[in-house]
Amino acid sequence: MVYRWAEIIRNTLLPPVCLLCGAPGNGGRDLCEGCAAELPRNRHACARCAEALPAGAAGAVCGRCQRRPPHFDAALAPLRYAYPVDALVLQLKFGHRIAVARLLGELLADALDGRPGPLPELLIPIPLHPRRLRERGFNQAAEIARTLARRSGVALAEHAMQRARHTRAQSTLPFAERAANVARAFVLHEHVRARHVALVDDVVTTGHTVDAAARTLRLQAGVERIEVWAPARTPPPDG
Ligand SMILES: [Zn+2]
Ligand SMILES: [Zn+2]
């Protein structure tokens, strides 16, 4: 309630301005109609990992997910991580523009309407390393999840998951040890009772991070259905 009033006051005092071009925002958002129409949409994507597929293959599952299914059941990423979405994410992470998280959360929430099946019971953001959190001052995945929780009515467990402190930087390890290292990257900090959870991240790149988090939820809390929700997904390496 307090949050909603704060939002109303903010929107009244500060009219929305497009974060990409500075024009007046549309529909109460910090995005104008023209820039919204030009965002790179991830329309034809693997139902399992949200990686872009050739046109006409929407709803299908990519070859990699067929060969080695991830620990999560479905993924939703309405945008491709390409210009200007990449520029927005950089503004958020390194320019500390929290308004970007709200906008990305709104764009992701829009995509929930077309999503099949019931909503999850709980949203869990992918946590940052404690050191990175100290440097940045906020977790961008948690900020996006806050908007999603407000729009969808799904409960948010912001601190349910944490990074395990004993993992080493991937770059210091031989390639063969990296999968095992990331597999131990997360621990549950709170008891998760939900059977159906959505993990929230800002961008899904290789999918290894969300896969490791899903594995932890499955093994440590017995969560039955795990979805991954992120505003953007990187295109496949070959284009
Ligand atoms: Zn604009
Ligand atoms: Zn896939």
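Just so we're clear, the structure is a prediction, and the values are computed from it rather than from any experiment. Both counts, for ligands and for their atoms, begin at 1 and track the order of listing.
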- With I126, the side-chain contact (heavy atoms from CB on, under 4.5 Å) member among V200, D201, D202, V204: D201
- How many protein N, O or S atoms sit closer than 2.8 Å to the Zn ion (ligand 2)? 4
- Applied to residues 72-90, the side chain to side chain donor-acceptor pair (under 3.5 Å) test, sequence neighbours excluded, yields D73-R218
- Validation row: R115, E227 side chains within 4.5 angstrom (heavy atoms): yes
- Charged tip of R215 within 45° of F72 ring normal and under 6.0 Å: no
- Task: Indicate yes or no: does E51 engage R64 in a salt bridge with an N to O separation below 4.0 Å.
- Result: yes
- Is any side-chain heavy atom of R29 less than 4.5 Å from a side-chain heavy atom of P16? no
- Which angle, to 10 degrees, forms at the Zn ion (ligand 1) with SG of C21 on one side and SG of C35 on the other? 110°
